[in-house]
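What follows is a set of notes on a single structure, which appears directly below.
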Protein chains: 2
Amino acid sequence: MAVDCVVFGLDATKADLRVLLIRRAIPPFKGGWALPGGFVWAGESLEDAARRELKEETGLADVFLEQLYTFGEPGRDPRGRVVSVAYYALVNLNEHPPKASSDAEGAAWTPVAKAPSLAFDHAKILETALARLKGKLRYEPLGFELLPRRFTLSQLQRLYEIVLERALDKRNFRKKLLAMDRLVDLKEVEKDVAHRAARLYRFDEEKYRQLKKKGFNFEL
Amino acid sequence: MAVDCVVFGLDATKADLRVLLIRRAIPPFKGGWALPGGFVWAGESLEDAARRELKEETGLADVFLEQLYTFGEPGRDPRGRVVSVAYYALVNLNEHPPKASSDAEGAAWTPVAKAPSLAFDHAKILETALARLKGKLRYEPLGFELLPRRFTLSQLQRLYEIVLERALDKRNFRKKLLAMDRLVDLKEVEKDVAHRAARLYRFDEEKYRQLKKKGFNFEL
DNA sequence: TCAAAAGTGTTAACCATACACCCATGC
DNA sequence: GCATGGGTGTATGGTTAACACTTTTGA
């Protein structure tokens with residue numbers, strides 16, 4: 001019984017979506033790239049195991065984490081029958097620089113488009129996670145997890161464009177998001193930018209939870 | 001490592017959604033109601049295990065089956081740590097009368113609204129499956145799995161109304177579904193009904209698969 | 001003064017919704 | 001002939017989509 005984590009991060013400056021990979025320190029696939037993960041302990045819940053492995057292997061803690069899918073084909077692990085429950089996590093890359101430790105000889109934020117070949121069936125897990133992220137972003141405001149707490153509307157739009165892989169109209173995007181009334185205008189602007197400074201916003205989680213309970217629809 | 005199955009069936013005549021429950025033949029919870037399921041064999045995939053258990057305990061085979069969620073809280077099974085991968089299945093109740101066998105002393109189609117208390121954390125699994133069914137029905141044409149191969153538009157509408165738990169407008173429903181162009185008019189009508197006979201349709205799976213590849217949207 | 005990104009409204013097409021009556025059939 | 005459910009169209013309001021220019025700032 002194992003868990004694996006697909007951790008997505010957004011590099012706001014370089015405009016690409018990245019995934020956190022580790023180099024395996026132990027066989028099988030020693031030295032190869034893989035998703036962070038490992039075996040579940042006896043008294044531990046699956047989500048706790050995922051968070052523990054994430055912490056151990058990459059230093060990340062307190063991130064958005066959700067169950068993705070369970071992979072259990074008999075031949076997926078050369079050591080024998082290992083069923084793995086995959087989770088996906090979303091983090092803001094700038095606030096969460098990863099550091100390597102114990103099980104992993106290193107961790108690296110790799111652009112998803114350029115991911116190397118991965119150990120086990122991790123390529124398939126990554127693909128499943130990407131599909132889920134794209135699907136979910138369209139009707140739930142997951143995206144905020146990938147941004148800093150204070151962000152501009154352009155950053156938010158860029159995020160949607162990167163994940164959904166298509167261009168969005170600026171005016172329509174703003175209209176729609178502001179109409180959703182989930183954003184709080186912080187009445188502040190960016191500093192030290194070489195162009196007109198943009199307003200900063202934050203996501204209003206409280207309002208979001210209330211509306212979600214009522215069955216509100218957040219489709220983009 | 002176990003699997004459990006939430007099998008939904010639609011009783012077209014009585015207009016309710018049912019779930020297939022078994023009476024446990026062995027401890028723990030002997031004699032209590034539970035979802036069909038059991039342990040995964042060594043060389044078997046998770047989905048194969050789910051199908052096997054379904055066949056053994058209820059006689060059902062060749063049904064629509066999809067992974068739902070994995071439940072792994074340490075205390076969920078009194079025998080010790082058992083992680084269970086839950087699947088949900090959709091069947092047409094009239095074409096699939098269940099029969100009991102081996103592990104189960106009986107299987108019964110129970111209206112979901114009146115489900116008895118269930119063994120293990122099966123109530124939670126059922127709840128999760130219901131939420132998934134409702135959510136998915138809105139943007140994927142899952143519903144056809146619950147109907148006979150040949151059905152009327154009224155049957156289809158009733159299904160949506162039962163699962164989504166709200167009334168739908170007849171004219172708008174027909175317009176929308178016919179516009180989706182996923183239904184084949186069989187140029188036949190019902191027989192032996194005490195009112196005007198309705199046209200029969202079938203679902204066009206081929207067209208559906210093609211459109212799905214192109215990212216078409218089936219929202220109702 | 002230039003470059004770079006922020007910010008802002010209007011129009012037209014489309015889609016969702018609300019709504020009521022006649023039709024075919026078996027009893 | 002009546003009860004039952006089948007089948008049909010239109011008008012309105014709201015939502016989405018397309019589209020271009022001015023503003024602010026720092027270098």
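Below, read A as the first sequence line, B as the second, and so on, with proteins coming before strands; counting in each chain starts at 1.
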- Message: Check this one for me: any side-chain N or O of A/Lys176 less than 4.0 Å away from OP1 or OP2 of D/dT16?
- Response: yes
- Nearest-Å distance for atom pair CD/P, residues B/Gln157 and D/dG5: 13 Å
- Query: Does the side chain of A/Arg196 get closer than 4.0 angstrom to OP1 or OP2 of C/dG7 through an N or O atom?
  - Reply: no
- So, for A/Arg174 and A/Leu153, which heavy atoms are closest and what is the spacing to 0.1 Å? CG-CD1, 3.8 Å
- Item | Distance, rounded to the nearest Å, where B/Arg199 contributes CZ and D/dG7 contributes C1' | 9 Å
- Could you tell me whether the phosphate oxygens of D/dG5, OP1 or OP2, come under 4.0 Å of any side-chain nitrogen or oxygen in B/Ser154? no
- Atom CZ of A/Phe173 and atom P of C/dG7 are separated, to the nearest Å, by 13 Å
- Query: Can you check the B/Leu168 CG to C/dA18 C1' distance for me, whole Å?
  - Reply: 14 Å
- Item | Which residue lies more 5' along DNA chain D, comparing A/Asp169 with A/Asp192 via nearest heavy atoms | A/Asp169
- Item | Pi-cation contact, B/Trp33 with B/Arg23 (under 6.0 Å, within 45°) | yes
- Derivation of the side chain to side chain donor-acceptor pair (under 3.5 Å) call for B/Tyr87 and B/Glu47: CA-CA 8 Å; B/Tyr87 282 78; B/Glu47 184 174 323; 5.3 Å; no
- Rounded distance in Å - CG (B/Asp185) to P (D/dG7): 9 Å
- Query: Between A/Arg171 and C/dG9, does any side-chain N or O lie under 4.0 Å from OP1 or OP2?
  - Reply: no
- Task: Find which nucleotide of DNA chain D each of B/Asn172 and A/Lys170 is nearest to by heavy atoms, and output the residue with the more 5' nucleotide.
- Result: B/Asn172
- Hey, is the side chain of B/Lys175 pairing donor to acceptor with the base of C/dT17 inside 3.5 Å? yes
- Query: Starting at CZ of A/Phe151 and ending at C1' of C/dA6, how long is that distance when rounded to a whole Å?
  - Reply: 16 Å
- Task: Please report the closest heavy-atom contact between B/Gln157 and B/Lys170, naming both atoms and the distance.
- Result: OE1-CA, 3.6 Å
- Task: Answer yes or no: is there an ion pair linking A/Glu190 with A/Arg199, defined by an N-O contact shorter than 4.0 Å?
- Result: no
- Query: Could you give the NZ-to-P distance, from A/Lys187 to C/dG7, as a whole number of Å?
  - Reply: 13 Å
- Separation of D/dG5 C1' from B/Leu200 CG (nearest whole Å): 14 Å
